[in-house]
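Residue numbers run from 1 in the order of the sequence given. The structure displayed is predicted, hence computed values, not measured ones.
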Amino acid sequence: MELLHSGKVRDVYLDGEDLILVASDRVSVYDVVLPTPIPDKGAVLTQLSLWWFEQLADVVPNHVVNTDVPAEWAGRAIRCQRLRMAPVECVARGYLTGGGLAEYRQTGTVSGITLPEGLVDGDQLPEPIFTPSTKAEVGHDEPISYDEVERLVGEKAAHELKTLTLEIYRRGAELAAERGIIVADTKVEFGWAPDGTLVLADEVLTSDSSRFWPADEYEPGRPQRSYDKQFVRDWATSTGWNKQPPAPEIPDEVVKATQARYFEGYERLTGKVWPSEQR
């Protein structure tokens with residue numbers, strides 16, 4: 001088995017014609033990997049992705065072959081189809097926060113899309129928007145316009161990426177709302193199969209790729225409590241860290257609180273209880 005790529009939080013191996021995608025317990029914020037892992041994070045995200053792939057099977061095909069992987073990776077790895085990956089991060093936003101909020105405050109737009117005046121942190125947008133970004137191997141992903149996506153992949157492919165991204169967001173937000181969770185935004189990745197079919201890849205609607213907010217605590221105009229790694233982002237920012245390597249060590253209490261949020265998000269979305277022996 002050949003290691004093809006070691007990313008910020010995932011390792012990719014080639015096994016015959018298939019890829020083995022292994023989710024680690026590493027956590028990255030502001031595109032920097034922190035030195036302290038979050039125990040069981042990789043397993044939680046893998047199992048959540050598998051659940052979502054099933055929910056979205058009628059929307060878009062996905063890259064999952066099966067979960068037949070080496071024993072040491074059981075629960076945290078997926079055997080996948082090898083794809084030609086699209087060179088963009090596909091982001092859908094239904095609420096204004098994070099990097100989108102920062103851009104809006106400067107320009108009144110997000111990825112070239114003009115938004116209504118007077119929006120505040122956490123406001124729901126009139127409709128979900130497609131706000132793609134670059135895929136940086138090193139450093140920060142940068143927002144790009146839809147026109148730039150068209151230049152990268154062509155008009156037809158850009159339209160398909162946008163349409164599927166927004167449909168995944170709408171379906172995911174609808175299912176999550178039934179479980180008391182707001183999906184503020186999410187990031188997905190796609191690739192093309194050898195026959196040209198566009199396929200959903202990597203992870204989907206996880207606590208690393210999305211912002212999940214408890215609906216019963218939602219209040220625009222302030223940061224929201226979340227079931228995702230925003231808690232770690234906020235802690236890292238509070239330390240005065242300059243968002244450049246090396247990143248600070250995460251204290252035990254922050255590790256445990258972050259882990260609890262991952263577990264809670266998984267359980268509320270799937271209706272399944274995370275095994276107590278893994279807590």
Side-chain angles (χ1 to χ4, degrees), residues 27-31 45 48 52 55 89-133 140-146 162 165-188 203-241 243 254 257-258 260-270:
V27 60
S28 75
V29 297
Y30 305 113
D31 295 311
L45 299 192
L48 186 54
W52 277 115
Q55 312 309 309
E89 300 275 8
C90 294
V91 180
R93 300 178 190 272
Y95 293 74
L96 187 64
T97 193
L101 175 65
E103 184 180 347
Y104 168 78
R105 284 173 170 168
Q106 289 183 340
T107 66
T109 67
V110 179
S111 294
I113 301 169
T114 301
L115 297 179
E117 295 181 2
L119 297 179
V120 298
D121 190 358
D123 265 339
Q124 185 173 14
L125 300 176
E127 62 180 4
I129 59 175
F130 179 61
T131 61
S133 67
H140 299 285
D141 297 335
E142 297 293 339
I144 56 176
S145 68
Y146 181 70
K162 176 181 178 179
T165 299
L166 290 173
E167 183 55 31
I168 288 166
Y169 174 79
R170 289 190 182 99
R171 177 69 67 86
E174 180 181 307
L175 287 171
E178 295 170 0
R179 294 155 172 83
I181 290 179
I182 292 171
V183 181
D185 52 39
T186 196
K187 176 179 68 176
V188 291
E203 62 182 324
V204 58
L205 288 160
T206 71
S207 306
D208 266 16
S209 64
S210 316
R211 286 185 172 89
F212 295 141
W213 299 339
D216 59 358
E217 300 178 35
Y218 171 64
E219 184 183 336
R222 61 167 177 81
Q224 311 298 315
R225 192 171 87 82
S226 63
Y227 296 124
D228 54 61
K229 68 178 182 180
Q230 186 62 42
F231 184 73
V232 182
R233 285 194 196 97
D234 293 343
W235 165 80
T237 301
S238 74
T239 67
W241 173 51
K243 303 180 184 179
V254 175
T258 303
R261 281 166 165 76
Y262 279 106
F263 289 149
E264 187 175 356
Y266 169 85
E267 292 177 345
R268 289 193 65 169
L269 285 167
T270 68

Atom pair SG (Cys90) and CG (Leu166), whose distance is rounded to the nearest 0.5 Å: 9.5 Å

Side chain to side chain donor-acceptor pair (under 3.5 Å) against Thr270, all qualifying residues, sequence neighbours excluded: none

Check: Thr131/Ser111 side-chain N/O donor and acceptor closer than 3.5 Å: no

Tyr262 side chain to Thr206 side chain, donor-acceptor N/O pair below 3.5 angstrom: no

Worked verdict on Glu203 versus Ser209 for side-chain contact (heavy atoms from CB on, under 4.5 Å): CA-CA 7 Å; Glu203 62 182 324; Ser209 64; 3.9 Å; yes

Residue pairs fulfilling ring pair (Phe, Tyr, Trp, His ring centres under 6.0 Å) with at least one residue in residues 89-125, sequence neighbours excluded: Tyr95-Trp213, Tyr95-Tyr218

Charged tip of Arg261 within 45° of Phe231 ring normal and under 6.0 Å: yes

Short side-chain donor-acceptor distance under 3.5 Å, Arg233 and Tyr30: no

Set of salt bridge (charged side-chain N to carboxylate O under 4.0 Å, His left out) partners for Asp208, sequence neighbours left out: Lys41

Separation between CD1 of Ile168 and CZ of Arg170, rounded to the nearest 0.5 Å: 11.5 Å

Salt bridge (charged side-chain N to carboxylate O under 4.0 Å, His left out) involving Glu217 - partner list, sequence neighbours excluded: Arg225

Flag, side chain of Gln224 to backbone of Pro214, donor-acceptor distance under 3.5 Å: no

Minimum heavy-atom distance Gly94-Tyr169, with the two atoms named: CA-OH, 3.2 Å

Nearest heavy-atom neighbours spanning Arg93 and Gly100: NH1-N, 3.6 Å

Heavy-atom pair of closest approach, residues Ser145 and Pro132: O-CG, 4.2 Å

I'd like a table of donor-acceptor pairs (distance under 3.5 Å, sequence neighbours excluded) in which one partner is a side-chain atom from residues 171-185, with atom names and distances.
from   : atom 1 : to     : atom 2 : distance (Å)
Arg171 : NH1    : Gln55  : O      : 3.4
Arg171 : NH1    : Asp58  : OD1    : 3.1
Arg171 : NH2    : Asp58  : OD2    : 3.3
Arg179 : NE     : Leu269 : O      : 2.6
Arg179 : NH1    : Leu175 : O      : 2.9
Asp185 : OD1    : Arg211 : N      : 3.4
Asp185 : OD2    : Arg211 : NH1    : 2.8

Shortest non-hydrogen contact between Phe212 and Ser207, atoms and distance: CE1-N, 3.7 Å

Residue pair Leu96, Val110: steps toward the side-chain contact (heavy atoms from CB on, under 4.5 Å) verdict: CA-CA 9 Å; Leu96 187 64; Val110 179; 4.1 Å; yes

Closest heavy-atom pair and its distance - Ser28, Lys229: O-NZ, 2.7 Å

Going by atom type alone, with no hydrogens or angles, which donor-acceptor pairs under 3.5 Å involve a side-chain atom of residues 113-129 and a protein atom two or more places apart or on another chain?
from   : atom 1 : to     : atom 2 : distance (Å)
Asp121 : OD1    : Thr97  : OG1    : 2.9
Asp123 : OD2    : Val120 : N      : 2.8

Working for side-chain contact (heavy atoms from CB on, under 4.5 Å), residues Thr165 and Val91: CA-CA 7 Å; Thr165 299; Val91 180; over 6 Å; no

Main-chain N/O of Phe130 paired with Lys162 side-chain donor or acceptor, under 3.5 Å: no

